[in-house]
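Just so it is clear, the values below take in all heavy atoms, side chains as well, and ignore hydrogens, waters and symmetry mates. Please read all numbers here as calculations on a predicted model, not as lab measurements.
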Amino acid sequence: MGKTIGNPISWAARNLGATSSHIAESLSRVGSSDTQQLPMVKRLTIQDLRDCLRAGYRDFLETRADAIFVVLIYPIAGMLMFGFGLNMNMIPLLAPLIAGFALIGPVAAVGLYEISRKRESGGEVHWLDAFGVFRSPSFGAILALGFYLIVLFLIWLMVAQSLYSQTLGPDSPVSFGAFVTEVFTTSAGWVMIILGTAIGFVFALVALAISVVSFPLLLDKKVGLPIAVVTSVRVLRENPGVILTWGFIVAALLLLGAIPLLLGLIIVMPVLGHATWHLYRRAIA
């Protein structure tokens, strides 16, 4: 994690499989083949995060019924994952499933970015506006980025399963209560907790780096996927403390939303989704 990004375009070519023609096309969309013409990244402060959360909450209040309707599917999906995890063979993956929800959260919030974008333009907002994403010129790039995050989520689950097998496994726990007791009262359980937290942080950092402003940028401007991801990485690189704080805020609010049978996500998801749009507006000139 200590390696520098270096040239953002070279990074995109190495890590996203972007060819020179893809990058050239994306650069032409922002006005020039010169890397200096990439979207300008601004410096952020903690006050910006407060302002974004307030703006996101205002958007939620203004479009509350619409937003709740749009995001209702997410707590339902989370509850299904919870039920799936109660299967004895899947109990060790219950916590990683819930924690991994943050990795794919940006995908789930794309429709909310579109609602905030339209509200910002002064248009009348309806819940169907969330599906305006499908009409976006960058819809293909949005799908591709969503696919990358889903793959990252699945890799995280495989790593979590492997970690369980190497510590408390490989046998399945006899019950949920026995599993919890073993996790918190044995040295192997604490090894799993510590290593799982550290590895999960790395996965969360990768997801944050490539997606903190990528989806809003793709919705707002005609740029390609490499440019969107490179710009997102640059936002993190230019504002490491602020963006990491944002990541912790998102994780904490998602955790709070998940506590009451995941129903809190009905409020947390739209507020964070709208706030992310405003964060993008402050981060990109």
Side-chain angles (χ1 to χ4, degrees), residues 4-9 11-12 15-16 26-27 29-32 34-60 102-103 105-121 133 136 138 141-142 145-146 148-149 204-254 268-285:
T4 59
I5 299 299
N7 186 323
I9 302 303
W11 183 92
N15 294 280
L16 296 177
S26 295
L27 286 168
R29 290 176 178 174
V30 293
S32 170
D34 188 342
T35 59
Q36 297 302 314
Q37 296 303 314
L38 288 166
M40 184 181 298
V41 173
K42 297 191 292 186
R43 298 303 297 268
L44 299 169
T45 66
I46 298 299
Q47 184 59 45
D48 286 317
L49 300 186
R50 298 191 187 101
D51 293 341
C52 289
L53 287 170
R54 291 192 189 101
Y57 184 65
R58 286 195 299 269
D59 283 358
F60 168 70
L103 300 180
V107 183
V110 170
L112 296 167
Y113 307 151
E114 178 64 14
I115 288 177
S116 281
R117 187 185 72 83
K118 184 168 183 181
R119 182 171 182 269
E120 184 181 87
S121 68
V133 174
S136 170
S138 299
I142 291 171
L145 183 55
Y148 281 126
L149 290 180
L205 184 60
V206 171
L208 182 67
I210 67 176
S211 68
V212 65
V213 299
S214 297
F215 287 108
L217 178 58
L218 288 169
L219 278 174
D220 192 41
K221 301 183 184 299
K222 293 182 179 179
V223 299
L225 178 57
I227 295 300
V229 172
V230 166
T231 302
S232 188
V233 172
R234 289 171 58 226
V235 169
L236 173 60
R237 188 175 62 181
E238 294 297 324
N239 305 279
V242 175
I243 298 302
L244 287 177
T245 299
W246 175 249
F248 283 117
I249 289 173
V250 170
L253 289 178
L254 288 175
V268 170
M269 283 294 297
V271 170
L272 287 177
H274 293 310
T276 299
W277 171 263
H278 293 286
L279 179 65
Y280 155 71
R281 281 302 200 196
R282 289 174 178 267
I284 303 299

Can you name the nearest heavy-atom pair linking Val107 to Gly146, along with the distance? CG2-CA, 3.7 Å
Inter-residue atom distance Leu279.CG - Ile284.CD1, 0.5 Å rounding: 9.0 Å
Nearest heavy atoms of Leu103 and Pro106, plus distance in Å: O-CD, 3.7 Å
Is there a side-chain contact between Ile227 and Lys221 in this structure, where contact means two heavy atoms from C-beta onward sitting under 4.5 Å apart? no
For the atom pair CH2 (Trp246) and CG (Leu236), what is the distance rounded to the nearest 0.5 Å? 14.0 Å
Just by distance, do the side chain of Asn239 and the backbone of Lys42 share a donor-acceptor pair under 3.5 Å? yes
In Å, rounded to the nearest 0.5 Å, how long is the span from OG of Ser214 to CG of Leu145? 5.5 Å
Output the distance between atom CD1 (Ile210) and atom OH (Tyr148), rounded to the nearest 0.5 Å. 9.0 Å
For a side-chain contact (heavy atoms from CB on, under 4.5 Å) check, start with the C-alpha distance between Leu44 and Leu49, then their side-chain angles and the critical distance, and finish with the verdict. CA-CA 8 Å; Leu44 299 169; Leu49 300 186; 5.7 Å; no
Taking the side chain as every heavy atom from C-beta outward, state whether Leu205 and Leu244 have any pair of such atoms under 4.5 Å apart. yes
Are any of the side-chain heavy atoms of Phe215 and Leu149 separated by less than 4.5 Å? yes
Salt bridge or not between Glu114 and Arg117? Use side-chain N to carboxylate O under 4.0 Å. yes
Steps toward side-chain contact (heavy atoms from CB on, under 4.5 Å) verdict (Val110, Leu218): CA-CA 10 Å; Val110 170; Leu218 288 169; over 6 Å; no
Would you say Ser232's side chain and Ala209's backbone share a donor-acceptor pair under 3.5 angstrom? yes
If the test is side chain to side chain contact (heavy atoms under 4.5 Å, CB included), which one of Ile243, Val242, Leu217 qualifies with Val235? Ile243
Distance (rounded to the nearest 0.5 Å) between Leu225 CG and Ile142 CD1: 10.0 Å
Result for side chain to side chain contact (heavy atoms under 4.5 Å, CB included) between Cys52 and one of Gln47, His274, His278 points to His278
The reported gap from OG1 in Thr276 to CG in Leu53 (rounded to nearest 0.5 angstrom) is 8.5 Å
Ignoring hydrogens, what is the shortest heavy-atom contact between Arg281 and Asp220? Give both atom names and the distance. NH1-OD2, 2.9 Å
